Every structure is written in C-alpha cells, then in structure tokens.
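These notes are about the structure you will find just below.
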Amino acid sequence: MRKKIAAGNWKMHLTSDQAQALVSEVVNMYHNEYHGDAEVIFAPSYPFLSQIHHLVKDVDKVHLSAQNLHEAEQGAYTGEVSASQLTSVGVTHVIIGHSERRQYQQESNALLASKIDIALAHGLTPIYCIGETLEQREAGNTLDVIRTQMTDGCFHLDAEAFGKLIIAYEPVWAIGTGVTASPDQAQEVHAFIRQLIRDKYGAQVADDCSILYGGSVKPSNAAELFAMADIDGGLVGGAALKSRDFTDIIKAL
Ligand code: PEP
C-alpha cells in the first residue's frame with residue numbers, strides 16, 4: 001500500500017548531542033501534534049545510528065535510515081559500511097543514489113543497482129534517488145534522464161522486489177539551493193515515474209509505490225507539493241535539521 005512519508009536526510013551535519021536533541025524534539029511534537037498515519041524516517045550520519053535507534057525503536061511509524069551503504073557483503077573497504085553492519089544496529093532503510101554521491105563519488109546507475117540488491121538481500125528498504133541537473137532540464141532531457149536512472153538503477157528487479165522500494169525524485173537544481181520545483185513541475189515528473197513503473201510492473205505495483213519529492217522542501221511549500229496526486233511525501237535536507245520545521249512538514253502530510 002502506498003504510504004505518506006517524511007524522510008529527513010541530515011547529510012554531514014550535527015554532533016551526537018544535537019542529533020539526540022533533534023530526534024527527541026521531533027518525536028515529542030509528532031506525538032503531541034500529529035494524528036495522521038504518515039511515516040517518519042531519520043537519516044543521521046553513521047556514528048549516531050545506534051544512539052538514534054534506541055530513541056525510535058519503540059516509536060510506531062518512525063524509522064531509521066542510513067545515508068549510503070557499500071555494495072559488497074564485507075571486506076577490505078576502509079571507511080565503508082555494509083548492509084549487515086547497518087541492520088545489526090537497527091537500521092531499516094537506506095538512501096541510495098543521492099545526487100551528492102552521484103556527483104562527488106561518481107556513483108553510476110549500475111553501481112546503485114548493486115547497492116539496491118545488497119540492501120534488499122538484507123531486508124533494508126532502499127530510498128532510491130533520481131533527478132536531473134539544471135543543464136539536463138534546460139536541454140529538455142529531464143524525462144530521458146529519469147527513464148535511464150529508473151531503467152538502469154532499479155528495473156532489473158522483479159515486481160515483488162521492486163515493491164519494497166521507495167523512490168525519491170530530487171531535481172539536482174533544487175537541492176540545497178532554496179529553489180523548489182513548482183508543484184506542477186514536480187507532479188509532471190512524478191506522474192512520469194509512476195507511468196514508467198506501470199509500464200514495467202503493472203498498475204498495482206505503480207499505485208502502491210511511494211514517490212517522494214526532494215529539493216528545498218520547507219514548511220511554507222510542503223502542503224502544496226504534497227497535495228499533488230503523485231507526490232507521497234518528502235525527502236528533506238536543510239529543513240529536517242530544525243525540529244519545528246521538520247514537524248510542520250510532517251504535519252503537511
Ligand atoms: C536532500 O538532501 O535530499 C535535499 C532535498 O536537501 P534540501 O531539502 O536541503 O534541498
């Protein structure tokens with residue numbers, strides 16, 4: 001079944017104390033102020049996963065995500081983190097293919113496909129990120145880029161495995177820039193993604209898939225984005241670092 005989701009990607013921000021305080025505040029506000037059925041996902045940096053797990057493990061509809069994982073089971077990969085290491089500290093979700101990793105670590109669609117495979121093999125829910133750069137949009141290539149990222153990154157899965165994914169559409173030009181895609185711009189691409197899924201796996205899988213929007217989501221624009229037919233929530237960067245803002249985004253769901 002399609003879920004409404006607000007996921008906070010903290011990137012390389014916050015110290016241990018700040019991370020602890022942020023989660024405690026959001027969970028408190030979520031309980032006191034929100035009575036819907038949207039799910040919340042926190043994606044802190046690796047050192048805080050275990051600590052945050054203890055804060056959220058008994059909280060209904062609140063989940064813990066890593067921001068990345070390595071595609072191998074284990075081995076001599078200094079500085080990397082494996083799927084089984086993540087699950088061993090209570091992680092349930094993992095962001096795969098964030099544009100910052102595609103850009104700075106040159107992560108290709110083929111590599112991301114193998115990261116999705118290892119995540120699923122360990123029972124982790126991948127949050128697979130796709131999105132076009134400004135140059136690609138201005139050249140009129142947005143939908144071709146999206147099609148390729150879907151085809152090469154996750155369409156090797158069978159329908160049952162694909163059904164476990166969350167997709168996040170994040171136009172690169174809107175991430176961390178303060179510039180948000182308009183609701184119509186975002187909806188156009190979300191509808192296209194859902195049509196690609198329908199063509200590949202059928203109507204049921206497409207209808208059940210949660211497709212999040214990411215790119216300068218804030219309390220002031222969340223409601224109009226989330227009102228669009230094919231936008232099922234947000235992957236939030238900057239605004240997820242402020243408990244009041246992130247809670248208001250959850251409430252917009
Ligand atoms: C992100 O990091 O995925 C993101 C969308 O960041 P921001 O909300 O800051 O644009």
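Both backbone and side-chain heavy atoms feed into the values below; hydrogens, waters and symmetry mates do not. What you are looking at is a predicted structure, and each value in this text was computed from that prediction instead of being measured. Just follow the structure's listing: the first ligand is 1, and inside any ligand the first atom is 1.
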Inset, instruction - Check the side chains of E132 and Y169 for a donor-acceptor pair under 3.5 angstrom, ignoring hydrogens and angles. - result: yes
Inset, instruction - Check whether the side chains of S16 and Q51 place a donor and an acceptor atom closer than 3.5 Å, and report yes or no. - result: yes
Inset, instruction - Could you state whether L124 and L165 fall into the same hydrophobic cluster, counting links through intermediate Ile, Leu, Val, Met, Phe, Trp or Tyr residues with side-chain heavy atoms under 4.5 angstrom apart? - result: yes
Legend entry - Polar atom proximity, H98 to ligand 1 (N or O, under 3.5 Å): yes
Legend entry - Close-contact set for ligand 1 against L235 heavy atoms, below 4.0 Å: 3 (O), 5 (C)
Legend entry - Protein heavy-atom partner closest to atom 3 (O) of ligand 1 - residue, atom, separation in Å: E170 OE2, 2.6 Å
Inset, instruction - Go through ligand 1 atom by atom and flag the ones less than 4.0 Å from a non-hydrogen atom of S216. - result: 7 (P), 8 (O), 10 (O)
Legend entry - Top protein contact for atom 8 (O) of ligand 1, by heavy-atom distance: G237 N, 2.8 Å
Inset, instruction - Report the distance from atom NE2 of H122 to atom CG of L69, rounding to the nearest 0.5 Å. - result: 8.5 Å
Legend entry - ligand 1 contacted by K218 (non-hydrogen, < 4.0 Å): no
Acceptor/donor pairs from residues 230-242 side chains to any protein atom, 3.5 angstrom cut, sequence neighbours excluded:
from : atom 1 : to   : atom 2 : distance (Å)
D230 : OD1    : R194 : NE     : 2.5
D230 : OD2    : Q187 : NE2    : 2.8
D232 : OD1    : R2   : NH1    : 3.1
D232 : OD2    : R194 : NH2    : 2.8
D232 : OD2    : I211 : N      : 2.8

Inset, instruction - Pull out every atom of ligand 1 sitting under 4.0 Å from any heavy atom of A174, numbered as shown with elements. - result: 10 (O)
Legend entry - Numbering as shown, the atoms of ligand 1 that approach G176 to under 4.0 Å (heavy-atom distance): 7 (P), 9 (O), 10 (O)
Taking only distance into account, with no hydrogens and no angle test, what donor-acceptor pairs under 3.5 Å do side-chain atoms of residues 57-64 form with protein atoms, sequence neighbours excluded?
from : atom 1 : to  : atom 2 : distance (Å)
H63  : NE2    : E39 : OE1    : 2.8

Inset, instruction - Below 4.0 angstrom from a heavy atom of G238, which ligand 1 atoms are there? Numbered from 1 as shown, please. - result: 7 (P), 8 (O), 9 (O)
Legend entry - Closest protein heavy atom to atom 2 (O) of ligand 1, given as residue, atom name and distance to 0.1 Å: K11 CE, 2.6 Å
Inset, instruction - Indicate whether any N or O donor in one side chain lies under 3.5 Å from an N or O acceptor in the other, for S114 and E71. - result: no
Inset, instruction - Heavy-atom contacts with G215 under 4.0 Å: which atoms of ligand 1 show up? List them by number with element. - result: 5 (C), 10 (O)
Inset, instruction - Name the orientation class of the two ring planes belonging to F155 and Y201 (parallel below 30°, tilted from 30 to 60°, perpendicular beyond 60°). - result: perpendicular
Inset, instruction - For ligand 1, find out whether one of its N or O atoms is nearer than 3.5 Å to an N or O atom of N9. - result: yes
